[in-house]
Amino acid sequence: MREAKILVVDDEEKMRNVIKVFLTKEGYEIEEAHNGKDALDKLYFNEYDLILLDVMMPEIDGWTVCRKVREDFSVPIILMTARGEEYDKLFGFELGADDYITKPFSLKEMLARVKAVMRRSKESNERNHKSLKLGALEIKTLSKQVFVDKDEIALTPKEYELLFFLGKNPEIVYSREQLLNRVWGYDFIGDARTVDTHIKQLREKLGNHKRYIQTVWGTGYKFMIGEENERDT
């Protein structure tokens, strides 16, 4: 089993280092972002299990990062801030944060919150992703089976991973590079045509529902279900 990956976002280098050293010893893989823009850039090219997000940062503050993350991702977020007023906490939860920890905090308290949030997220994902229904498609994630109009279709492992990734993030446009990073990983040796080839193969296997996977010219691909798609197929 891979190590859980956590993105630590804080403009204070000392704070990032302390958290990184502590959580690394606890078995987590840690990446750092020194401001909100850096965090958002990393999110579009990496997959994380949790974000530890400072609120008070220059350029793009944590509130804004939290809101933008929630527009595109379901990754759990724990806000870190010196502002512990009830209003601030409620505002953070309204933006989609999963938990809130007030500075200064003990590293043991932070670890307890990290474990609790990640456990709740895992349990929620297991409940929601045993079967993912997307229009005429059904993806059974435990057995990695895919059904189209209740008929099972045979997919290669990478075709399945690509369809599942696009399907669980509907209406979000991903570039070929982003899909290579998310589905194939950084150690993949190849080019963007690999994505195009797999998209073509997926569409053929989806048959009458091939338009679920849409091309966004000049950008990449997205998964989209709608009445217009159904009428056009």
Side-chain angles (χ1 to χ4, degrees), residues 2-125 128 165 168-175 177-178 181-182 186 219:
R2 71 173 180 85
E3 296 177 335
K5 184 186 289 187
I6 297 175
L7 179 64
V8 178
V9 188
D10 199 305
D11 60 318
E12 296 183 19
E13 184 178 3
K14 183 178 179 180
M15 175 63 75
R16 296 198 310 271
N17 289 340
V18 169
I19 294 175
K20 180 176 182 178
V21 170
F22 181 79
L23 289 180
T24 298
K25 289 180 180 178
E26 294 294 329
Y28 296 98
E29 180 182 350
I30 306 300
E31 289 194 8
E32 302 174 54
H34 61 274
N35 59 41
K37 182 180 183 304
D38 187 28
L40 292 172
D41 289 343
K42 282 183 165 61
L43 272 164
Y44 281 100
F45 291 97
N46 299 276
E47 189 166 355
Y48 300 100
D49 297 285
L50 183 137
I51 302 173
L52 281 167
L53 177 62
D54 184 37
V55 171
M56 305 305 292
M57 293 185 294
E59 295 187 44
I60 303 178
D61 62 34
W63 303 128
T64 304
V65 173
C66 185
R67 178 175 55 79
K68 288 183 176 292
V69 169
R70 276 294 163 264
E71 289 175 357
D72 293 339
F73 305 98
S74 59
V75 56
I77 299 171
I78 297 178
L79 292 175
M80 306 182 295
T81 180
R83 299 173 58 172
E85 290 81 1
E86 183 180 42
Y87 169 80
D88 293 308
K89 294 181 180 181
L90 293 175
F91 184 58
F93 289 133
E94 288 174 3
L95 289 175
D98 296 87
D99 203 352
Y100 196 108
I101 186 166
T102 304
K103 295 180 178 180
F105 51 79
S106 76
L107 293 174
K108 289 184 178 180
E109 178 190 358
M110 177 195 67
L111 177 62
R113 290 179 181 273
V114 165
K115 288 181 176 180
V117 169
M118 292 183 69
R119 182 176 61 251
R120 292 197 299 268
S121 176
K122 181 180 179 181
E123 291 171 352
S124 176
N125 286 337
N128 295 335
F165 178 77
K168 72 176 182 178
N169 298 290
E171 301 182 32
I172 300 174
V173 181
Y174 289 98
S175 68
E177 184 180 13
Q178 287 173 326
N181 290 332
R182 293 296 189 90
Y186 276 109
T219 305

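All values below come from the heavy atoms of this structure, side chains included, with hydrogens, waters and symmetry mates left out.
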Legend entry - Candidate pair W63 and L79, rule side-chain contact (heavy atoms from CB on, under 4.5 Å), full reasoning: CA-CA 9 Å; W63 303 128; L79 292 175; 3.7 Å; yes
Legend entry - Smallest separation among heavy atoms of L43 and Y48, with atom names: CD2-CD1, 3.8 Å
Inset, instruction - Taking all non-hydrogen atoms of both residues into account, name the closest pair between N35 and D38 and its distance. - result: OD1-N, 2.7 Å
Inset, instruction - Check each of I51, L95, L53 against V69 using the side chain to side chain contact (heavy atoms under 4.5 Å, CB included) test, and report the only one that passes. - result: I51
Inset, instruction - List the atom of F45, the atom of Q178, and the distance in Å for their closest heavy-atom pair. - result: CE2-CG, 3.8 Å
Legend entry - Side chain proximity check, T81 to Y100, heavy atoms < 4.5 angstrom: yes
Inset, instruction - Rounded to the nearest 0.5 Å, what's the gap from CD1 on I60 to SG on C66? Could you check? - result: 13.5 Å
Legend entry - Interatomic spacing from CZ in R182 to CD in E47 - rounded to 0.5 Å: 5.5 Å
Inset, instruction - For V9 and K42, run side-chain contact (heavy atoms from CB on, under 4.5 Å): C-alpha distance rounded to whole Å, both residues' side-chain angles, the deciding distance at 0.1 Å, then the answer. - result: CA-CA 11 Å; V9 188; K42 282 183 165 61; over 6 Å; no
Inset, instruction - To the nearest 0.5 angstrom, please state how far the NZ atom of K5 sits from the CD atom of E31. - result: 4.5 Å
Legend entry - More than 12 heavy atoms from other groups under 6.0 Å of CD on E71: yes
Inset, instruction - Inspect the contact between K20 and E32 and indicate whether a charged nitrogen and a carboxylate oxygen are less than 4.0 angstrom apart. - result: yes
Legend entry - Nearest heavy-atom neighbours spanning A82 and T102: O-CG2, 4.1 Å
Legend entry - Heavy-atom closest contact (M118 atom, A4 atom, distance): CE-CB, 3.2 Å
Legend entry - is_close_aromatic(Y28, F22), centroid dist under 6.0 Å: no
Legend entry - Residue pair N17 / K14, side-chain heavy-atom distance below 4.5 Å: no
Inset, instruction - Identify whether the distance between the nearest side-chain nitrogen and carboxylate oxygen of D98 and R70 falls below 4.0 Å. - result: yes
Inset, instruction - Kindly check if the number of other-residue, nucleotide or ligand heavy atoms within 6.0 Å of NZ (K103) is above 12? - result: yes
Inset, instruction - State the CG-NZ distance between L50 and K115, to the nearest 0.5 angstrom. - result: 13.5 Å
Legend entry - Approximate separation, where rounding is to 0.5 Å, of L111 CG and E26 CD: 4.5 Å
Legend entry - Residue pair I19 / M80, side-chain heavy-atom distance below 4.5 Å: yes
Legend entry - L23, L107, D10, V8 screened by side chain to side chain contact (heavy atoms under 4.5 Å, CB included) with V18, the one that passes: L107
Inset, instruction - With rounding to the nearest 0.5 Å, note down the distance linking CG in L52 to CD1 in I30. - result: 7.5 Å
